[in-house]
Every structure is written in structure tokens, then in C-alpha cells.
Amino acid sequence: MKGLQVHIDTHSGFCFGVVYAVEMAEEILDEQGHLYCLGDIVHNDEEVARLARRGLKIIDHGDLYGLRDEKVLIRAHGEPPATYELALKNNLTLIDASCPVVLKLQNRIKSSFDKKETIYIYGKHGHAEVIGLLGQTGNKAVVFQDISELDLDSLPRNLTLYSQTTKSTDKFYEINETLRKNGITVNTNDTICRQVSNRDKDLREFVRKYDKIVFVAGSKSSNGKVLFKACQESNPNTYFVSNPEQVDPSWFGQDESVGICGATSTPMWLMEQVKERILTL
Ligand code: SF4
């Protein structure tokens with residue numbers, strides 16, 4: 001035995017948007033034993049598998065076209081108006097678990113669009129939340145995930161800037177500065193979710209306290225990638241796992257301290273399983 005001291009970061013784990021969606025799904029699953037969910041309820045394969053065992057069926061937009069008279073959960077990322085229209089047409093009951101923070105952002109973008117503002121969204125191309133945001137503008141807003149995608153000389157002289165909720169605050173303000181320095185008048189809307197941006201700072205503090213860090217997240221989680229990078233910057237001895245089986249005993253020396261933390265999509269039960277596995281080494 002290596003005599004490791006293992007601690008889980010109590011601030012890690014689901015953000016309130018994901019807790020809300022999972023609780024809503026569990027409630028319906030208790031009542032009717034099955035429920036459709038449009039897209040992964042959370043970017044974590046283990047949590048998706050747990051809910052699948054209880055009757056949750058993940059479907060995509062293609063499946064939605066063929067579905068009739070069922071209940072379908074909208075996950076925390078939200079959906080564009082076209083999804084609500086299709087549900088009405090197919091007599092589907094939507095259980096709307098869109099995160100309140102995302103819904104507020106959708107409304108703000110819609111009202112900017114109604115005022116005929118030129119909208120730019122700093123976000124990941126093709127991400128579900130971004131598709132929902134774009135839908136508020138009839139897909140007319142410009143999405144970019146890096147400032148290098150924009151030709152600064154030909155940009156409109158006045159624009160309204162929004163951000164996907166999970167982007168980095170520092171990068172957002174850097175972009176804002178670059179635009180202003182290039183003579184563009186920017187109506188800046190910092191719409192980054194503090195459940196994510198604050199976590200960055202808290203995590204950096206947490207990981208400095210331990211010899212080794214095991215960061216737990218699904219390989220599809222954007223937020224997981226961002227937070228893992230932040231942990232690695234503050235403690236280079238940080239390892240990424242998606243499940244307990246991926247823990248490699250060679251990472252740890254005798255009597256070391258180990259911190260376990262994760263993304264906003266990582267369930268606490270999974271971090272506990274990782275802890276149990278490390279304690280057996
Ligand atoms: S990260 Fe923030 S905006 Fe996104 S689901 Fe969680 S609480 Fe909502």
C-alpha cells in the first residue's frame with residue numbers, strides 16, 4: 001500500500017444547471033419508467049449510462065423528427081426555437097430543463113436581434129448551447145471561437161458582443177480589448193456563467209495544496225477541457241481520467257497527498273469511486 005492521503009474538492013461536480021436537469025429527469029423516470037432526452041443530458045458517459053439504466057433514452061435531432069406523442073427532456077444547454085416548433089407539430093411534451101442562466105442569455109440575444117443589433121457570439125462552433133443562441137437570431141449572428149477567425153479591418157464599426165456561458169473570462173475581455181483598439185464600438189455583454197469562471201480560480205487554489213491531482217471528467221466535456229488545463233497550469237502533476245479504471249498506480253509515490261477534482265459535468269459519485277480506487281493502491 002502506498003499510504004496515500006486522498007481528498008475530494010467539495011466545490012467540484014455538477015453546476016446547478018446540471019443538477020436541475022438530472023433531478024427533473026429522475027422525477028419523470030420515477031413516474032413513467034422511460035424518458036427521451038435530446039442530446040447527452042450531461043457530457044459525462046458514466047452519468048449518462050447510470051440514467052440509461054433507469055430508462056433515459058438519448059436521441060438526436062434526426063430522431064426527434066420521427067417521434068410522436070412522447071415526453072422529451074431539453075437539457076441544460078437549451079435549444080433553438082425550431083425545436084419547440086417541431087415538438088408542437090409532433091405532439092411532443094417538452095420537459096424543459098434549459099438552465100435558467102442559458103434561458104436568460106437566449107432572451108438577451110433575442111432582444112438584441114429584435115433591436116436590429118449586429119450580433120457576434122464568442123463560442124464553440126456547433127456546440128449545443130451556441131446552436132440555441134444562434135437560433136434566437138434566425139442563424140444570423142456571427143459565431144467565432146478565436147479572434148483570428150475575424151478580419152478586423154472589414155468588421156462592422158458597431159457590434160454587440162456576447163459569449164457562450166462556458167468560455168474563459170480572460171479571453172473574452174482580451175477579445176473585447178482587441179476589437180476596441182481596432183476602432184470598433186462594442187456593446188459588451190459578459191454572459192459567462194460564474195459557476196464556471198469562479199471554479200477556475202477555486203480549482204487553481206485547490207490543486208496547489210496536493211502532490212498529485214486526479215481530474216475527473218468526460219472526454220466530451222468542453223468545460224472539462226478548460227478546467228483540466230487550468231489545473232495542469234497550477235499543478236503540473238495533474239492527470240485526467242474519465243473513470244476509476246483509468247487511474248494508473250505509477251502516477252503516485254509513497255505517502256503522497258492526492259486531490260480529486262472535476263468539471264461542472266462530473267458527478268460526485270464518480271469522484272468518490274475514483275477516490276476509493278486510489279485508496280486501494
Ligand atoms: S455552467 Fe452555468 S450556464 Fe451552464 S448549465 Fe451550469 S449553471 Fe447553467
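Counting starts at 1 for both ligands and their atoms, following the listed order. Keep in mind it's a predicted model, so treat the numbers as computed, not measured.
- Listed here is the closest heavy atom pair of A97 and L73: CB-CD1, 4.1 Å.
- Proximity to C15 (heavy-atom distance under 4.0 Å) selects the following atoms of ligand 1: 1 (S), 5 (S), 6 (Fe), 7 (S).
- Close contacts between ligand 1 and V101 involve ligand atoms 3 (S) [criterion: under 4.0 Å to a heavy atom].
- The G17 neighbourhood of ligand 1 comprises atoms 5 (S), 7 (S), with distances under 4.0 Å to a heavy atom of that residue.
- A centroid separation of 6.0 Å or more is found between the aromatic rings of F215 and Y239.
- At least one side-chain heavy atom of L51 sits under 4.5 Å from a side-chain heavy atom of I41.
- Protein heavy atom nearest atom 8 (Fe) of ligand 1, with residue, atom name and distance: C99 SG, 2.3 Å.
- Heavy atoms only, all atoms of each residue included: T178 and L152 are closest at CG2-CD1, 4.0 Å.
- Using a cut-off of 2.8 Å, one finds that C193 contributes no N/O/S atom close to atom 6 (Fe) of ligand 1.
- Aromatic ring centroids of F206 and H11 lie 6.0 Å or more apart.
- Among protein heavy atoms, atom 1 (S) of ligand 1 sits closest to V196 CG2, 3.4 Å.
- No cation-pi contact links K2 to F252, judged by a cut-off of 6.0 Å to the six-membered ring centre and 45° from its axis.
- At a 4.0 Å heavy-atom cut-off, ligand 1 touches T165 through the side chain alone.
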